[in-house]
Each structure stands twice: as C-alpha cells, then as structure tokens.
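FYI, side chains are in, hydrogens and waters are out, and symmetry mates aren't considered; it's all heavy atoms of this structure. Throughout, a chain's letter reflects where its sequence line sits, starting with A, and its residues are numbered from 1.
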Amino acid sequence: MHDLKALRDNPAAYDQNWARRGLSSQTSEILTLDEDRRSLQTELQALQMRRNEASKEIGAVKSKGGDAHALMVEVAEIKDNMAVLEEQERVKADELTDLLSRLPNMVADDVPDGPDEDHNVELRRFGTPKIGSNAAKDHVEIGEMLGLMDFETAAKVAGARMTILKGALARLERALGLFMLDVHSSEHGYTEINPPLLVNSDVMYGTTQLPKFHDDQFETTDGRWLIPTAEVVLTNMVREEILEEGAFPIRLCAMTPCFRKEAGSAGKDTRGMIRQHQFYKVEMVSVVKPEDSEAEHQRMTDCAENILKKLELPFRTIVLCAGDMGFASRKTYDIEVWVPSQDKYREISSCSNCGDIQSRRMKTRFKRAGAKDTEFVHTLNGSGVAVGRALVAIMENYYDPADGGIWIPDVLKPYMGGVEKIVKLNT
RNA sequence: GGGCAGGUGGCAGAGUGGUUGAAUGCGCUGCUCUCGAAAAGCAGUAUGGGUGCAAGCCCAUCGAGGGUUCGAAUCCCUCCCUGCCCGCCA
C-alpha cells in the first residue's frame with residue numbers, strides 16, 4: 001500500500017517514479033477517488049454524529065418518561081441516508097484500495113534507469129569462471145550419468161518442473177541447506193525459524209503476492225496458499241504489531257520448500273532444475289527502522305555473497321534497473337552464480353529493500369522512545385541462497401571430467417560424512 | 001469429526017441494551033516529596049481515519065463480518081481463533 005498523504009502532497013513525484021517502471025500516469029485517478037471517498041466520509045460522519053446525539057437524547061427523554069417520537073423519526077431518516085452514503089463510500093474505498101494495491105513500490109533514487117534486464121549494472125565479481133570449457137556438462141547430464149537425478153520418474157509422479165534426487169546428490173542438497181542455515185544463524189545473526197508452509201490470504205496480501213500475482217500461486221481447496229518463498233511467512237511474523245524501538249534489527253532466516261506455478265515462464269529453463277514448481281531456498285528477512293534499511297540491505301547482500309565465497313563458487317553482483325525490479329522492491333541486488341554449461345551467470349540470490357510497502361499492508365509499525373506517533377518499519381528479504389540452484393552450480397563447477405564425478409567443496413565435507421567426491425557407483 | 005468453555009486496552013480482569021473508549025489492579029511516563037532511592041500522593045498512558053493554520057472537534061474500533069434496535073462490548077446469525085474432554089490420525 002502507498003502513503004496516500006504523501007501522494008496527495010506530491011503526485012508528480014509518484015507519477016515520475018512509476019514512469020521509471022514503464023507505467024503511465026496514475027495519480028489523477030487515485031486523487032479523484034480519494035477526494036470522492038473523503039467527501040463521502042465527511043458527510044457520513046456528520047450524520048453519524050447527529051444520530052449518536054439523537055440516540056442519547058432519546059435515552060434521556062425516555063428515562064424521564066417523556067415522548068421521544070419526533071427524535072425517533074429523525075433518526076430513522078438519518079439511517080436511510082446513512083445506508084446510501086455507506087454504500088457509496090464503500091465502493092469508492094474498494095476501488096481506491098484495489099488500484100493502490102496493484103501499483104508497485106517507489107524506485108529508490110540511486111537505482112539505474114532502464115526498461116529490462118539488459119540495463120542492469122554489474123557491481124563486482126568474485127572468483128574465476130571456467131569460460132568456454134569444452135568439458136562443461138550440464139547438471140542434468142552429470143546427475144543422470146551418476147544415476148542420482150531422475151526427471152522422468154519425477155514427471156511420472158508429479159508432472160513437469162519437478163525433480164527427484166537420490167543418494168549422495170540428495171544428501172548434497174541437504175548439506176547445502178544445512179550449511180547455509182548454520183552460517184546465517186551462527187555467523188550472521190539471523191534467528192532460525194521453521195515456519196508453516198501454508199498461509200492465509202491476508203499474509204499473501206501483506207507481502208504483495210496478492211492480489212496482483214494470484215496466478216503464480218498454488219491455492220489450496222480450503223483457501224490457503226502454499227508459500228512461494230519463506231519471505232512470506234518470516235516477514236508476516238510481525239504483522240499487525242507495534243514494535244518498540246529496542247526490538248530492532250529483527251533478523252530471521254529459514255529453509256523451506258517454495259512453490260511456484262511459473263505461469264508466465266512457459267518454455268523458459270525447461271531443462272533441469274533451474275526453474276521448478278518446488279524448490280528449497282534459504283531465505284533471510286530483516287525488519288528495521290527506516291533510516292537503517294539501506295545499510296541493512298548492503299549487509300544482507302554481503303551475507304548472501306559470503307555463502308558463495310565459502311562455497312568457492314564464481315559469482316557477480318548486479319543492481320537491477322528500474323524496469324527489471326520486482327513489484328515490492330525499492331532497490332534490488334541480484335547475485336548471479338557462474339553456470340558453466342550455459343557459459344553465463346544465473347540468478348541465485350535476490351536481495352531487496354521493500355521500504356514500507358509491505359509494512360503498510362501488514363500494519364507493522366514501531367514507536368520511537370518517547371514519541372507519540374507510530375511509524376512504519378522497513379522490511380528486507382534476500383535469498384541466502386537458492387538451494388536448488390546452488391546444487392546446480394556445485395555440480396557443474398565442481399565437475400571432474402576425468403571420471404564424471406563431483407568434488408565436494410571443503411565447507412560441505414563435514415555435512416557429507418567426510419566424503420570428498422561423489423562418483424558413479426559400480427553396478 | 002463430536003461435545004463443552006472462552007475471545008474486552010501493554011498485561012490481568014470487571015462489564016448482559018443508554019454519556020462505557022470502556023471500572024479496578026498491575027505495568028509504563030511525568031510531576032510532588034527526598035541529599036538520592038524506595039514508599040506514598042497527583043496527573044497521564046490504545047489504534048486508524050475525517051476536519052481545521054492551530055488548539056481542538058468529530059467518526060470508527062471490545063476476534064472478524066452481517067443482523068435486530070432510536071441506541072449494542074452487551075441480544076441474534078455466520079465465520080475465525082484459543083483452551084479442555086471424546087473419537088480419529090502422522
């Protein structure tokens with residue numbers, strides 16, 4: 001949700017900002033609805049005031065045994081008028097809310113302009129990618145040759161965009177998830193959470209999956225939703241709360257399966273486990289005071305990068321341009337890991353500063369020490385990192401063409417029972 | 001799934017139709033007293049919104065949404081949640 005008062009004060013700023021995302025002018029429609037709604041509300045409240053007064057008078061008259069008939073007639077008329085106004089007000093308010101809830105967050109000033117992903121700006125690189133290697137095999141080939149990755153059976157039991165991992169590869173994915181969770185909770189200060197995977201509609205609205213991205217989500221028959229990311233649950237843990245200033249920063253992390261319909265991506269990344277209906281992801285969420293969100297954003301991105309550094313995977317970090325950013329974000333850093341078979345970097349983490357758009361929807365506020373008014377918190381989320389894609393990156397970057405095996409990164413060895421390398425078993 | 005009991009302010013807990021946004025206690029904030037502290041006393045202490053330059057005034061909110069009524073925290077209906085018992089089941 002957006003700050004209507006700020007929008008009233010400076011509509012041009014909003015239109016100019018939304019234009020950076022390629023949107024046409026929105027504010028005149030918003031302001032018209034807003035003015036209509038407010039004048040209806042003012043009118044309605046005047047009637048309510050008179051009704052309340054008259055009702056009290058009726059009570060006073062009756063308690064003295066007097067005749068309150070004239071007053072009762074007056075109230076009856078007021079109620080008729082109120083019903084009409086209430087309905088008009090409700091319609092305007094619904095229209096306004098619906099319009100506002102479908103408009104994306106304001107883009108931060110230092111975000112580069114540009115219509116699409118070709119205008120994102122690279123900030124830094126780590127590691128040395130194996131470029132143009134003839135030996136590069138993709139993770140599907142590697143996994144199937146090892147007999148540890150099975151898309152056919154997955155399709156048989158669950159349909160497209162599903163994966164079955166076996167044996168050491170299943171363990172490797174688990175090892176990756178545990179490793180990431182341990183680093184974030186032990187070294188990065190995030191509290192580990194094991195959350196529900198099924199949430200209600202209010203929660204999905206809070207983090208902006210609803211109403212606009214309804215088609216990307218799996219809905220259950222009883223009106224709940226499978227989470228598309230742990231961000232949804234972690235962020236909403238503070239919904240409808242008024243926090244004390246001392247509560248910050250709140251840092252939470254979780255590893256969960258994520259469920260996505262991938263409605264708009266038919267034909268994209270159809271091979272392998274890059275884009276699945278279900279995948280594991282370790283997610284970080286921070287809730288902070290507004291003045292701290294920018295520093296927290298850098299910090300969170302560092303935490304995600306640190307995972308890849310420890311895994312010794314080559315990556316680069318980019319800042320998304322205005323046209324490529326997600327709906328809720330003011331500013332987003334993507335971390336892209338090197339995928340040898342594709343000879344390019346692919347997204348493995350996305351760290352976003354959502355400003356107050358989610359907190360306004362969730363009604364998450366805080367009060368400064370001694371202050372009377374509440375303010376909205378800032379929320380941030382970042383992958384730390386996508387576990388399935390990390391598995392792909394390990395398989396391809398640590399592939400040994402000599403024997404078709406996969407070396408285990410040093411930091412994962414303790415999680416793999418000391419195994420140094422996954423190799424094909426003699427059958 | 002069946003049955004019972006509940007959901008009131010930061011917390012505890014009154015309130016079963018009429019100045020009740022809500023008693024009382026605790027907590028918290030300020031002041032008085034004190035060398036200081038404690039104790040005690042006094043005052044204050046929800047959120048959202050409308051209107052106004054402002055002081056202020058007004059509207060809404062007692063789990064949520066409807067309904068009855070001149071008037072609802074209080075009565076009726078639906079839903080949600082919590083606790084307990086029975087059944088079933090990872």
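- Figure legend: cation-pi geometry between A/R361 and A/Y205, with NZ or CZ positioned under 6.0 Å from the six-membered ring centre and within 45° of its axis.
- Straight-line distance between the P atoms of B/U45 and B/C57: roughly 13 Å, to the nearest whole Å.
- When heavy atoms are screened at a 4.0 angstrom cut-off, A/K363 is found touching no nucleic acid atom at all.
- Searching all strands for a Watson-Crick or G-U wobble partner of B/C42 with both distances below 3.5 Å returns B/G30.
- B/A22 and B/G2 have their C1' atoms separated by 37 Å, with the value rounded to a whole Å.
- Distance OG/A/S329 to CG/A/N381: 8.0 Å, rounded to 0.5 Å.
- With C1' as the reference atom, B/A72 and B/U8 are 14 Å apart, rounded to whole Å.
- Interface limits on RNA chain B: the 5'-most and 3'-most nucleotides within less than 4.0 Å of chain A heavy atoms are B/G18 to B/G71.
- In terms of modelled atom types and a separation under 3.5 Å, the side chain of A/R389 and the main chain of A/E347 share a donor-acceptor contact.
- Taking atom C1' on both B/G9 and B/G44, the two are 15 Å apart, rounded to the nearest angstrom.
- For B/G71 and B/C85, the C1' atoms lie 41 Å apart once the distance is rounded to whole Å.
- For the 3.5 Å distance criterion, the side chains of A/Q276 and A/T163 qualify, holding a donor opposite an acceptor.
- From A/R21, atom CZ reaches atom SG of A/C321 across 10.5 Å, with rounding to the nearest 0.5 Å.
- To the nearest whole angstrom, the two P atoms, one in B/U47 and one in B/C42, are 25 Å apart.
- Each of A/E53 and A/I242 was matched to the nucleotide of RNA chain B holding its nearest heavy atom; the match closer to the 5' end belongs to A/I242.
- Taking CZ of A/R365 as the reference point, atom CD of A/E240 lies at 8.5 Å (rounded to 0.5 Å).
- Remark: the separation of the P atoms in B/U20 and B/A73 is 12 Å, to the nearest Å.
- B/C70: Watson-Crick or G-U partner is B/G18, with both key distances under 3.5 Å.
- Among the heavy atoms of the strands, none lies under 4.0 Å from A/R360.
- With hydrogens and angles left out, the side-chain atoms of A/T235 and A/Q358 include no donor and acceptor closer than 3.5 Å.
- For B/A64, the paired nucleotide is B/U78, the pair qualifying as Watson-Crick or G-U wobble because both relevant distances are below 3.5 Å.
- If you run salt bridge (charged side-chain N to carboxylate O under 4.0 Å, His left out) between A/K289 and each of A/E244, A/E245, A/E375, only A/E245 comes through.
- Map A/K62 and A/D373 each onto its nearest nucleotide of RNA chain B; the residue landing nearer the 5' end is A/D373.
- Nucleotide B/U24 forms a Watson-Crick or G-U wobble pair with B/A12, both donor-acceptor distances falling under 3.5 Å.
- Of the residues in residues 74-84 of chain A, those with a non-hydrogen atom less than 4.0 angstrom from any atom of RNA chain B are A/V75, A/K79.
- When both pairing distances are held under 3.5 Å, B/C89 makes no Watson-Crick or G-U pair with any nucleotide shown.
- Straight-line distance between the C1' atoms of B/A14 and B/A23: roughly 6 Å, to the nearest whole Å.
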Let's go through A/L96 and A/L100 carefully: what are the C-alpha distance in whole Å and the side-chain angles of both, what is the deciding distance for side-chain contact (heavy atoms from CB on, under 4.5 Å) to 0.1 Å, and is it a yes or a no?
CA-CA 6 Å; A/L96 183 59; A/L100 286 172; 4.0 Å; yes
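- B/C53 is unpaired under the criterion used here, namely a Watson-Crick or G-U wobble arrangement in which both key atom distances are under 3.5 Å.
- Summarising the base pairing, B/G36 is matched to no nucleotide, lacking a Watson-Crick or G-U wobble pair whose two defining distances lie under 3.5 Å.
- Salt-bridge formation is detected for the pair A/D98/A/R102: a Lys NZ or Arg NE/NH1/NH2 atom is positioned less than 4.0 Å from an Asp or Glu carboxylate oxygen.
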